[in-house]
2 protein chains.
Amino acid sequence: MPKIQSKKNSTKKEVIIEKAAKLFMEKGFGAASMRDIAEAVGVEAASLYNHIQSKSEILQTICFKVANEFISHLEVVEMSNETILKKMEIIIRFHIRMMLDQYEYIYISDHEWRHLTEPYLSNFLNQRRSYRKRLGDIIEDGIQKNELKKIDSYVAVLTMLSAISGIESWQRSRKTTSAETLESSMVKYLIEGLKK
Amino acid sequence: MPKIQSKKNSTKKEVIIEKAAKLFMEKGFGAASMRDIAEAVGVEAASLYNHIQSKSEILQTICFKVANEFISHLEVVEMSNETILKKMEIIIRFHIRMMLDQYEYIYISDHEWRHLTEPYLSNFLNQRRSYRKRLGDIIEDGIQKNELKKIDSYVAVLTMLSAISGIESWQRSRKTTSAETLESSMVKYLIEGLKK
DNA sequence: CGAAAAACCTAACACTTGTTAGTTTTGCTT
DNA sequence: AAGCAAAACTAACAAGTGTTAGGTTTTTCG
């Protein structure tokens, strides 16, 4: 029977990854040491290796967990019977929500993937390229159906995605700008620039 | 008389910073070692210290060079007699151009500033906050003058800036998407979402 | 040329890195 | 209470970190 940890119904491995994520975000993957992570978990560095195989594995877990969530969601949207505009809105909202709910994981997957080692690095980049391609296809579909402004679909995808994933610096002013304001304002900005 | 280096009319210090920038971008500030930088310059690690004071100084130089360029430009735009919409377009175009011309420096200033040490870190963050505030003020001015859509100005600034600074991944597909296409498509996207 | 200055080199420092080995403690099941 | 496995510990490793000291070569310039 799998070992279940005290708090939060989470494995110790999950606790380690969670604490590591926070540190990777604050100091960067390279600058956050195993001893830092161990201290955050409340244990000696060597003890971490009872639960994980390497520092790299932590980064891999985080990056692919995020990638898989986005790909799964995209699959659902692609299959759905919504208008193109609605599809785009759904995707944008999903990205913003992910950013708000799982800020640290998303941040790491966005900024620290460079430190992945092969073959994980290539794998990750392939998945990302494919995701963007499929998003671009949706937009081109929308242009052809005359639902969207005529715009370079690749640039539009990049603009959209980076606009959303750059909300990092918003995080600390959560008090002055609520999540709802952020989401609705951003959707408004990003969608009304697309609508014909 | 100041020492002038062989190629490109640049000081050796500038060469070091240039090479370091490339490495900081590829591997991150923490993972790029002085010995890596030295090798790129074609010299031993210790010799670097004839031209710079520390690894930190390189990062500081890059971050504040970028910050100053943006602030200077903003000052000019603020003083000008353009419409608000035109002002925003000028700023957006400037950001995109900077991204294309000085990709490495901008990338580092955007992503590696976390590794600045005090008091430079606080200083940098203050400058950034002030820049965004002033950009937000322009937008609010535009809303009041009925030139722009009614939108949360802070969210708009963040959306705009992060959309632009996230073009990192575009860099390697320069062949398929020209700089002109990128700039015009992006301006179209970002401006027409603002125009009333 | 000859001297001063600038730039470079080798060697070393004190410290941190990820990780392994071997041992001891913890906590559950019989 | 005994036994067993999981998980913690201490100690150490080889390699890499930024940086300094001191000596040697190269460049500059009168």
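What's counted below: heavy atoms across the whole structure, side chains too, no hydrogens, waters or symmetry copies. Just so you know, these numbers come straight off a predicted model, no measurement behind them. In what follows, every chain begins at residue 1, and chains take the letters A, B, ... in the order their sequences are listed.
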Separation of C:dA6 P from B:Ile52 CD1 (nearest whole Å) = 18 Å

Rounding to a whole Å, what distance do you find between B:Leu48:CG and D:dT19:P?
-> 10 Å

Mind checking what makes side-chain contact (heavy atoms from CB on, under 4.5 Å) contact with A:Asp137, not counting sequence neighbours?
-> A:Lys133

Got a sec, which residues hit side-chain contact (heavy atoms from CB on, under 4.5 Å) with A:Ala20, two or more places apart in sequence or on another chain?
-> A:Phe24, A:Ile37, A:Ile58

Residues in salt bridge (Lys or Arg N to Asp or Glu O under 4.0 Å) contact with B:Glu82, at least two apart in sequence or another chain | none

Sorted by chain and number, sequence neighbours left out, side-chain contact (heavy atoms from CB on, under 4.5 Å) with B:Ala46 holds for none

Side chain to side chain donor-acceptor pair (under 3.5 Å) pairs touching residues 54-63 of chain B, sequence neighbours excluded, are B:Lys13-B:Glu57

Report the distance from atom CD of A:Glu39 to atom C1' of D:dC9, rounded to the nearest whole Å.
-> 16 Å

For B:Tyr105, does its backbone N or O pair with a side-chain atom of B:Ser109 as donor and acceptor, under 3.5 Å?
-> no

Does A:His51 have a side-chain nitrogen or oxygen under 4.0 Å from the phosphate oxygens OP1 or OP2 of D:dA8?
-> yes

Which residue pairs pass the side chain to side chain donor-acceptor pair (under 3.5 Å) test with at least one member in residues 22-50 of chain A, sequence neighbours excluded?
-> A:Lys27-A:Asp36, A:Ser33-A:Asp36

B/S/- contact track for nucleotides 9-18 of chain C, protein heavy atom under 4.0 Å | BB-B----BB

Round to the nearest Å and state the distance from B:Ile58 atom CD1 to D:dG18 atom C1'.
-> 11 Å

Which pairs, with at least one residue in residues 62-74 of chain B and sequence neighbours excluded, count as a salt bridge (charged side-chain N to carboxylate O under 4.0 Å, His left out)?
-> B:Lys65-B:Glu69

Presence of B:Lys12 side-chain N/O under 4.0 Å of C:dC8 phosphate oxygens OP1/OP2 | yes

Sub-4.0 Å heavy-atom contacts from residues 115-123 of chain A onto DNA chain C, ordered by number = none

Once you round it to whole Å, what is the distance between C1' of C:dC8 and CD1 of B:Ile16?
-> 12 Å

